[in-house]
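All values derive from a computational prediction rather than experimental measurement. Order of the sequence lines fixes the chain letters, A, B, ..., with proteins taken first and strands second; residue numbering starts at 1 for each chain.
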Amino acid sequence: MTSAATAAVLDAERAAGSGAALELRGLRRTFGATTALDGLDLTVEPGELVALLGPSGCGKTTALRVLAGFERPDSGAVLVDGEDITRVPAHRRDTGMVFQSYSLFPNLDARGNVAFGLRMRKVASAERRARAEELLALVGLPDHGTHYPHQLSGGQQQRVALARALAVRPRLLLLDEPLSALDAKVRLTLREEIRRLQLELGITTVFVTHDQEEALSMADRVAVMRGGRLEQCAAPAELYARPATAFVAEFVGAMNRIPGHVGGSGEVEVLGTRLPVEGPHTDAGEVDVLIRPEGLEVAADDGGTARVVGTTFLGATTRLSIRLADGTAVKADMATHAAAELPSGTLVTVAPHARPVLVDRRAAT
Amino acid sequence: MAGLNPTVCAAAPARQRPRLWRGAVLLVAGLYFLVPLVASAVFTVDIPNEGLTLDAYTHIFSADGFTSSLLLSIGLGVATIVVVLALMVPAEIAVRLSAPRLRPVLEVVCSLPLVVPSVALVAGIGTVLKWGPDHLSRTPLYRTFVAIQDPGFPVVLVLAYVVMALPFVHRALDSGLRSIDLRTLVEAARNLGASWPHVLLRVVLPNLKSALLGASFLTLALVLGEFTVAQLLGFQPFAVWIVQASGSNAQLSVAVSLLSLLLTWALLLALAALGGRGAKNRTPATAVSTAAAADKE
């Protein structure tokens with residue numbers, strides 16, 4: 001498709017108005033004995049992409065379904081541009097949703113699928129058709145208008161689903177793990193493409209995923225959920241560097257738990273080093289100190305008490321598996337050339353970088 | 001697809017035997033089905049001492065009661081299809097969407113007619129119908145009782161047939177709904193702005209086309225061939241007429257039976273063609289195969 005035509009479409013989209021502001025206030029929803037949402041608060045700025053990230057059962061999908069109007073919250077409110085839409089039925093919400101998979105209407109071809117929402121809005125047939133072609137070109141499938149879903153690959157189906165969701169110019173774009181059913185390569189390209197389109201259209205987007213890499217690479221901000229509540233919502237780099245809680249720290253990226261001892265004055269002693277403690281747990285006593293694999297310094301030392309027990313080649317870096325004197329297993333990342341001098345069995349000393357660290361209650365072993 | 005055929009990979013000598021077996025099985029099955037048909041056909045055209053004649057067939061249309069009984073049966077069939085689908089389609093969808101735990105209940109309820117013999121069903125209906133004159137003669141309901149037993153169009157038969165068709169309709173719709181992701185499709189349509197009637201008409205029903213056709217065909221076949229209930233309640237649709245006609249003219253009734261068999265086949269083929277065209281790559285076979293399985297009715 002010519003880029004000029006696509007650019008014109010995009011200009012028109014942007015002119016139609018940028019994204020809406022979204023606010024979730026104290027959303028609560030229980031299913032029988034399980035609490036899916038336990039007072040969820042979240043604000044999404046216009047044009048922002050926020051990823052809801054969390055383990056299965058953390059309530060992220062329920063949150064999205066409440067947003068789309070498929071579930072009623074027991075209490076709380078959903079506000080779009082300040083307007084309370086909590087009681088608005090799903091078909092009047094003006095949201096575009098992309099589902100995990102198999103959501104295209106099998107009886108309609110790609111163009112029919114994309115035009116479906118316009119048809120429901122009583123748009124004239126010629127206009128529907130033109131708009132559908134436009135959107136199919138936008139998602140890179142200009143020649144697939146007459147293909148039926150079963151004639152499209154999984155990635156193409158999700159592109160059509162995206163075009164279908166965008167065709168009605170929704171105020172919000174909702175993505176429910178749209179990439180999880182695709183194979184790794186397609187997932188990567190489609191991930192980039194969704195992000196590119198989202199930025200170009202400036203549409204406010206909520207993206208549900210359990211894949212932290214997906215969340216960190218695509219989102220403006222990542223909202224980590226746990227037990228129906230928001231654990232932390234921050235930009236990816238901040239989330240990684242300064243996790244607010246032990247849960248976030250361990251859920252996002254790899255993390256070591258190393259026994260330590262909190263003394264007075266907000267310092268913790270770990271691996272023979274005293275480090276300032278960040279975050280809430282500063283009561284004196286035995287704790288686990290949370291340190292990322294790249295936050296450990298490893299040096300060969302014949303008198304060392306730790307031993308390298310395995311190495312995993314990751315490309316530029318190599319991850320060492322190390323057993324400390326007290327039996328604790330930790331992982332440390334090193335540049336691959338440096339790691340080459342520390343084969344399995346080497347005695348080493350391990351020391352943390354001098355940075356503030358998070359501590360957590362000692363895990364039961 | 002041809003490349004996936006396992007026999008292609010088989011060694012050459014082994015190919016001969018399956019073919020032989022296939023031929024033998026086909027032959028035996030063919031004989032089993034064809035001999036009675038051919039015998040019936042011969043019986044209708046070969047009158048002893050008179051030679052070949054097509055009298056039995058030419059007399060069909062002028063036979064007393066043929067047209068009226070056939071039309072009555074078709075009318076009953078269409079009415080039954082309308083009622084049973086209007087009842088079952090929303091029920092199946094609702095159970096799947098909002099009360100999946102009730103699915104076994106629906107399954108059992110819909111299977112009950114299979115284990116209740118028609119005779120028992122009629123005995124029950126007959127008993128209820130007798131209440132009319134006995135208990136209801138002073139109430140407006142009495143008129144309803146009379147109206148549903150109108151021999152011109154006995155609604156009571158439609159009601160009975162709806163019950164009898166439940167197992168087949170349930171099976172057909174169930175397999176149809178199983179082949180689509182109903183919840184996701186419904187939610188996708190809702191999300192795109194479709195009201196519930198639109199969801200049903202534009203999304204659910206088109207994707208259930210072959211299941212709906214299958215259910216309709218099974219119901220029609222059931223009604224066209226149903227004898228017990230109609231006979232015992234004293235009405236005269238097609239099947240009852242055939243039996244009565246055989247008393248006076250055996251050849252005529254066998255000729256009619258053969259014709260109705262051909263009619264059924266024609267319907268089956270039409271259904272297969274329609275289903276195949278609508279749902280090319282999906283499961284066009286399901287409706288037809290369930291239809292064929294229950295065709296013995």
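For A:Arg65, the part sitting under 4.5 Å from any heavy atom of chain B is the side chain, from C-beta outward, and nothing else. Residue contact with chain A, scored on non-hydrogen atoms closer than 4.5 Å, involves the backbone and the side chain of B:Arg202 alike. At a 4.5 Å heavy-atom cutoff, A:Leu108 makes no contact with chain B through either its backbone or its side chain. Of the atoms belonging to A:Phe105, heavy atoms from both backbone and side chain fall under 4.5 Å from chain B.
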Can you list the steps and then say if A:Asn113 with A:Asp109 is a side-chain contact (heavy atoms from CB on, under 4.5 Å)? CA-CA 6 Å; A:Asn113 266 284; A:Asp109 60 11; over 6 Å; no
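Using the six-membered ring where Trp is involved, A:His144 and A:His147 have ring planes that are tilted, between 30° and 60° apart.
Taking the charged nitrogens against the carboxylate oxygens, A:Glu127 and A:Arg129 have no contact shorter than 4.0 Å, which rules out a salt bridge. Checked for salt-bridge contact, A:Arg171 and A:Glu83 meet the test: a charged N lies under 4.0 Å from a carboxylate O.
Counting heavy-atom pairs closer than 4.5 Å to chain A, the top residue among B:Val199, B:Thr184, B:Asn191, B:Asp181 is B:Asn191. Of the listed residues (A:Gln100, A:Arg93, A:Arg121, A:Arg119), the one with the most heavy-atom contacts under 4.5 Å to chain B is A:Arg119.
Partner of A:Thr30 under the side-chain hydrogen bond (donor to acceptor under 3.5 Å, both in side chains) criterion, out of A:Thr62, A:Thr35, A:Asp74: A:Asp74 alone.
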